[in-house]
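Read the structure below first, then the notes.
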Amino acid sequence: MRILGIESSCDETAAAVIEDGRRILSNVIASQAGEHMQYGGVVPELASRRHCENILPVVRQALADADMTVSELDGIAVTYAPGLIGALLVGVSFAKGLAMMTGKPLIPVHHTEGHAAANYLAHPDLEPPYLGIIVSGGHTRIAEVTDYTTFRTVGRTRDDAAGECFDKCARAMGFPYPGGLHVDKAAQRGDASRFHLPKTKISGNPYDFSFSGLKTYIVNFLHNAAQRGETVNTDDLAAALQAEIAATVTEKTIAAAKALGYRRIALSGGVSANSGVRAALQRACDNNGFTLCMPPLALCGDNAAMIGAQGYYNYLAGITADESLNAQASKELRSGD
Ligand code: KG4
Ligand code: ZN
C-alpha cells in the first residue's frame, strides 16, 4: 500500500509517500523556521498562511519524487491533532479535499503517534510491544506501545515539554529559535560540571516529568547575572542543561522499562536528535542489555514520512475518517483502555 502523508501541525509543511508503512518513496519538507526566527518563536497566523501557500507544491513534489500520480495512491494520511489549530486546519482541509476528489481513504494521524512511527522507517525489525519515549517541543511522554495503534501512557510532563525547556533556555542564552540544536552544539563545547543545576523532585507517578522548574532556574540565573553585569559561560551552562535533561529522560525511561518488563525501547520526537539524550539513553540501554531504536536525525523533527508510516497502521486497524474530520489543538493518545 502506498500512503500519502501530510503534516502541517507547526512550522513545517510536509508531504511524503510511504510504502507499507516502512519504505520512504519520497519525503518533502518546507520549513518556515527561518522566517519565525526573527520573532523568537512560531507565529501561528504566519504559519497558517505559509502552509496555505506551500501545501500544494509540497504535495506535488512528494508525488513527483515518488514517480506517482494521485490516482495510484491507496490512502491519504494527515496529522489532525495536536498542534496549532490554524496550521492543522490547512493540512486537514487539503487532505479532505483530496480524499473527496479521488475517493481514496482519509486516515487521521495523531502527531505524537506519528513521531513514534518514525522508527518503523529506520528499523525494519521494530514491532510492538515496546516502550516508547517521545520527546518533542510539545510533548514528553513514556508510553507502552502495545500494538501499532495503542499507546498506554506511563508518564508525561506535568508542565513544559523537554523541547520547550531547551528552546526557552536557549532564548535566554541568546541563541536563535529553535534553540534546541544550538544548545546541543554549545553543550559539545562546554563542561557540564561547572554548573550545579537543581534536581526536580515530583511526588506521585515516578515516571512523570516536570521541566518548568529547570527552565525558570536557568532563565532567572541568566537574568540575575545580566543585572549584575556578569558574563555567563553559555557553553558550560548549555552542557549542564543538556546533561540534566538527558539524565532525567534516561533515568525515568529505564526505570519504567524495568518496572514494566520491556527490553526494547524506542526514542522519538524532535528532542531525540539531541546528542546528549541519544548518548545517555544508548549507554543506559547497553548497560541493562536493552535494545534501543532511534530515528536517524532527518526523521527526528516534524516530517510527513512518519505520518504516512503511522497512517498505514491506522488504516490496517480500520482507523479512517470521513468529511467530518476536524483539526484538534489538543488530543490524548489512543490508549485502548
Ligand atoms: O518534534 P518537533 O520537531 O516538534 C514538535 O512536535 O514539538 O520538536 C521540536 C523540538 C524543538 O523544541 C527543538 O528545539 C527540539 O525539538 N530539538 C532539539 C534538537 N533538535 C531539535 N532539542 C535539543 N537538541 C537538539 N539537537
Ligand atoms: Zn513534532
Side-chain angles (χ1 to χ4, degrees), residues 5-14 16 29-34 36-37 40-42 44 47 78-84 87-88 91 109-119 132-141 156-157 160-173 175-190 209 211 214-215 218 238-250 267-281 294-307 309-310 329-331 333:
I6 296 177
E7 156 65 36
S8 71
S9 66
C10 191
D11 59 347
E12 264 93 29
T13 321
I29 305 177
S31 178
Q32 311 165 8
H36 294 286
M37 195 186 283
V42 178
V78 63
T79 305
Y80 74 103
L84 300 171
L88 286 165
V109 176
H110 189 289
H111 182 79
T112 310
E113 296 176 6
H115 270 301
N119 274 309
I133 164 76
I134 306 154
V135 210
S136 73
H139 309 271
T140 302
R141 188 182 298 260
R156 55 184 297 182
T157 184
D160 295 342
E164 192 175 342
C165 180
F166 268 120
D167 291 346
K168 295 277 163 57
C169 292
R171 188 173 174 168
M173 289 181 210
F175 297 127
Y177 170 85
L181 178 62
H182 298 280
V183 171
D184 195 342
K185 285 184 178 156
Q188 291 173 39
R189 298 186 296 261
F209 296 89
F211 291 108
L214 181 60
K215 174 191 76 179
I218 288 188
L241 168 66
Q242 180 164 300
E244 182 56 33
I245 292 177
T248 304
V249 168
T250 299
L267 171 70
S268 61
V271 177
S272 67
N274 183 265
S275 62
V277 172
R278 291 173 85 91
L281 194 55
M294 301 184 272
L297 295 186
L299 294 177
C300 289
D302 290 347
N303 65 83
M306 65 188 198
I307 303 303
Q310 184 61 32
S330 60
K331 173 97 178 102
L333 298 181

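Scope of the values below: all heavy atoms of this structure, side chains included, with no hydrogens, waters or symmetry mates. No experiment lies behind these values; they were computed from the predicted model shown. In listed order, ligands and their atoms are each counted from 1.
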message: Ring-plane angle category for His115 and His111, please: parallel below 30°, perpendicular beyond 60°, tilted otherwise.
response: perpendicular
task: List for me each residue that meets ring pair (Phe, Tyr, Trp, His ring centres under 6.0 Å) alongside His110, sequence neighbours excluded, and say none if there are none.
output: none
- prompt: Pick one: which of Leu267, Ile133, Thr250 meets side-chain contact (heavy atoms from CB on, under 4.5 Å) with Val277?
  reply: Leu267
task: Can you figure out which of Ala246, Ala161, Gly270 has its heavy atom closest to atom 21 (C) of ligand 1?
output: Gly270
- request: Would you check the N or O atoms of Asp302, main chain and side chain alike, for any that come under 3.5 Å of an N or O of ligand 1?
  value: yes
- request: Please determine if Gly163 has a nitrogen or oxygen closer than 3.5 Å to a nitrogen or oxygen of ligand 1.
  value: yes
message: Quick one, Asn303 and Glu12 - any side-chain contact, counting heavy atoms below 4.5 Å?
response: no
query: Sorted by chain and residue number, which protein N/O/S atoms are under 2.8 Å from the Zn ion (ligand 2)?
result: His111 NE2, His115 NE2, Asp302 OD1
- prompt: Of Leu241, Val271, Asn303, which has the heavy atom at the shortest distance from atom 15 (C) of ligand 1?
  reply: Val271
message: Any heavy-atom pair between the side chains of Arg278 and Cys300 that's under 4.5 Å?
response: yes
Numbered atoms and elements of ligand 1 in range of Phe166, under 4.0 angstrom, heavy atoms: 22 (N), 23 (C)
- request: Within a distance under 4.0 Å of any heavy atom of Ala273, pick out the atoms of ligand 1 and give their elements.
  value: 20 (N), 26 (N)
message: I'd like to check Val42 versus Tyr177 (side-chain heavy atoms, cut-off strictly below 4.5 Å). Are they in contact?
response: yes
- request: Would you mind telling me if ligand 1 is within reach of the side chain of Asn274, the backbone, both or neither, using heavy atoms under 4.0 Å?
  value: both
field: Option whose closest heavy atom lies nearest to atom 13 (C) of ligand 1, chosen from Leu297, Val42, Asp167
entry: Asp167
message: Any heavy-atom pair between the side chains of Lys168 and Asp160 that's under 4.5 Å?
response: no
query: Going by the atom numbers of ligand 1, which of them fall below 4.0 Å from some non-hydrogen atom of Gly138?
result: 7 (O)
task: Please indicate whether any nitrogen or oxygen in Glu12 is less than 3.5 Å from any nitrogen or oxygen in ligand 1.
output: no
- prompt: Is Cys165 close to Leu241 at the side-chain level, that is, under 4.5 Å between some pair of heavy atoms?
  reply: yes
message: If we set the cut-off at 4.0 Å for heavy atoms, which region of His115 has an atom near ligand 1: side chain, backbone, both, or neither?
response: side chain
message: Checking side-chain polar atoms at under 3.5 Å, does Ser268 have a donor or acceptor matched by the opposite partner on Asn119?
response: no
- prompt: Taking only heavy atoms of Gly301, which atoms of ligand 1 are found under 4.0 Å from at least one of them?
  reply: 3 (O)
task: Looking only at distances, please establish whether an N/O atom of ligand 1 is found under 3.5 Å from an N/O atom of Gly269.
output: no
query: Which atoms from ligand 1 have a heavy atom of Gly180 less than 4.0 Å away?
result: 14 (O), 18 (C), 19 (C), 22 (N), 23 (C), 24 (N), 25 (C)
message: What I'd like to find out is whether the side chain of Met37 reaches to under 4.5 Å of the side chain of Pro176, using heavy atoms alone.
response: yes
- request: Could you check Cys10, Ser136, Ser8, Ser31 and say which one makes a side-chain contact (heavy atoms from CB on, under 4.5 Å) with Asp302?
  value: Cys10
field: Subset of ligand 1 atoms that lie under 4.0 Å from at least one heavy atom of Asp184
entry: 24 (N), 25 (C), 26 (N)
- line: Counting from 1 in the order shown, the ligand 1 atoms closer than 4.0 Å to a non-hydrogen atom of Gly137 are 5 (C), 7 (O), 8 (O), 9 (C), 10 (C), 12 (O)
task: Return the residue, atom name and 0.1 Å-rounded distance of the protein heavy atom closest to atom 6 (O) of ligand 1.
output: His111 NE2, 3.0 Å
query: Do side-chain atoms of Thr140 reach the backbone of Val135 as a donor and acceptor pair under 3.5 angstrom?
result: no
